[in-house]
Amino acid sequence: MTKQKGKHATAEKILQTAQEVFIAKGFDGSSINDISNKAKINKSLIYHHFSNKVDLWKAVKQNLLEKHVGKEIAQTDFPMDSFKDFLKHFVTLRFEFYESNPDIARLIAWQRLEKAEENIEGIQDKKFNSTVPQIKDFQQRGEVRPELDPEMVDYLIMTTASMAFMQQPKFFEGEKFKENKQKFLELIIESLFLAFSTAPIDKLQPKK
């Protein structure tokens, strides 16, 4: 756990430098010495604010989330009028979040490669990182197929909405990248809805 909280200038400098080092090298490839040398701060000062490298990694991730998610997610009420509306709102928010915050996407990409992943996950906002309660609710209402495991549905929603920013596809490059991102987002939402919805396929097809 972080030893000191608050906006102490030294702690802020350590966090910013650690963020740069972790993004460049990952958790396993970085050291407290790397951060100390880059920040030009004595290593003992780092340990004054953070217990160890794991603690510092979690603090960096939490700091990023608080700056870029913060009250926006905590105060967001996802629409529950229909499964389609919920899916569209949630997936769009998550998609745009990772698009706007490449540093977080890179940290998570590194995290997935690290041997110590279970120790470095950090603090996550449950409202932003789980749709299980909503999936169960829509199953009870008959809008999501009842035989599906809510945790599996949740996993697919989460990973599909963010995967393009962990390893960007080629169609996100070039002159049409904005247009292609929007098309891909719409494809994700439609594909997930078709996969999980109880609505008959013939009623989901657009009218000619």
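Below, each value reflects all heavy atoms present in this structure, side chains not excepted, and no hydrogens, waters or symmetry copies. The first residue of the sequence shown is numbered 1, and numbering continues consecutively from there.
Every residue meeting the side chain to side chain contact (heavy atoms under 4.5 Å, CB included) condition with Gln182, not counting sequence neighbours, appears here in chain and number order: Leu185, Glu186. For Glu20, the side chain to side chain contact (heavy atoms under 4.5 Å, CB included) partners are Gln16, Lys38, not counting sequence neighbours.
For Asp154 (side chain) and Thr131 (main-chain N/O), a donor-acceptor pair under 3.5 Å exists by modelled atom type. Using a distance-only test at 3.5 Å, with no hydrogens or angles considered, a donor-acceptor pair links the side chain of Lys13 to the main chain of Ala39. Checking side-chain atoms of Lys88 against main-chain N and O of Phe83 turns up no donor-acceptor pair under 3.5 Å. Of the possible polar contacts, one joining the Arg145 side chain to the Ala195 backbone as a donor-acceptor pair under 3.5 Å is found. Under the 3.5 Å distance criterion, the side-chain polar atoms of Trp57 are left unmatched by any main-chain donor or acceptor of Phe27. No donor-acceptor pair under 3.5 Å is formed between the side chain of Asp137 and the backbone N or O of Pro133. Looking at Asn101, its side chain never comes within 3.5 Å of a backbone N or O of Asp103 through a donor-acceptor pair. With Ser36 contributing its side chain and Ile41 its backbone, the two residues share a donor-acceptor pair below 3.5 Å. Although no hydrogens or angles enter the test, the distance criterion places a donor-acceptor pair under 3.5 Å between the side chain of Ser162 and the main chain of Met158.
Residue Phe165 forms a ring pair (Phe, Tyr, Trp, His ring centres under 6.0 Å) with just one option from Phe184, Phe172, Tyr98, and that option is Phe172.
The two atoms that bring Pro102 and Glu99 nearest to each other are CD-O, 4.1 Å, heavy atoms only. Considering every non-hydrogen atom in both Ser30 and Lys53, the closest pair reads O-NZ, 2.8 Å. Between Thr198 and Val144 the shortest heavy-atom distance is CG2-C, 3.4 Å. Across all their heavy atoms, Leu148 and Gln139 have their closest contact at O-NE2, 2.8 Å.
Within 6.0 Å of CD on Glu173 lie more than 12 heavy atoms contributed by other residues, nucleotides or ligands. Annotation for Glu151: atom CD does not count as buried by contact number, only 12 or fewer foreign heavy atoms lying within 6.0 Å.
To the nearest 0.5 angstrom, Phe196 atom CZ is 10.0 Å from Ser191 atom OG.
In this structure, Lys176 forms no cation-pi arrangement with Phe171, as its terminal cationic atom is not both closer than 6.0 Å to the ring centre and no more than 45° off the ring axis.
Between Phe90 and Phe95 there is no side-chain heavy-atom pair separated by less than 4.5 Å. Ile23 has its side chain within reach of Leu107: a pair of non-hydrogen atoms, C-beta onward, lies under 4.5 Å apart. For the pair Ile32/Leu56, a side-chain contact is recorded, criterion being any heavy-atom separation below 4.5 Å from C-beta on.
A salt bridge links Lys84 with Glu190: the distance from a Lys NZ or Arg NE/NH1/NH2 to an Asp or Glu carboxylate oxygen falls below 4.0 Å.
With 3.5 Å as the limit, one finds no donor-acceptor pair spanning the side chains of Ser31 and Asn33.
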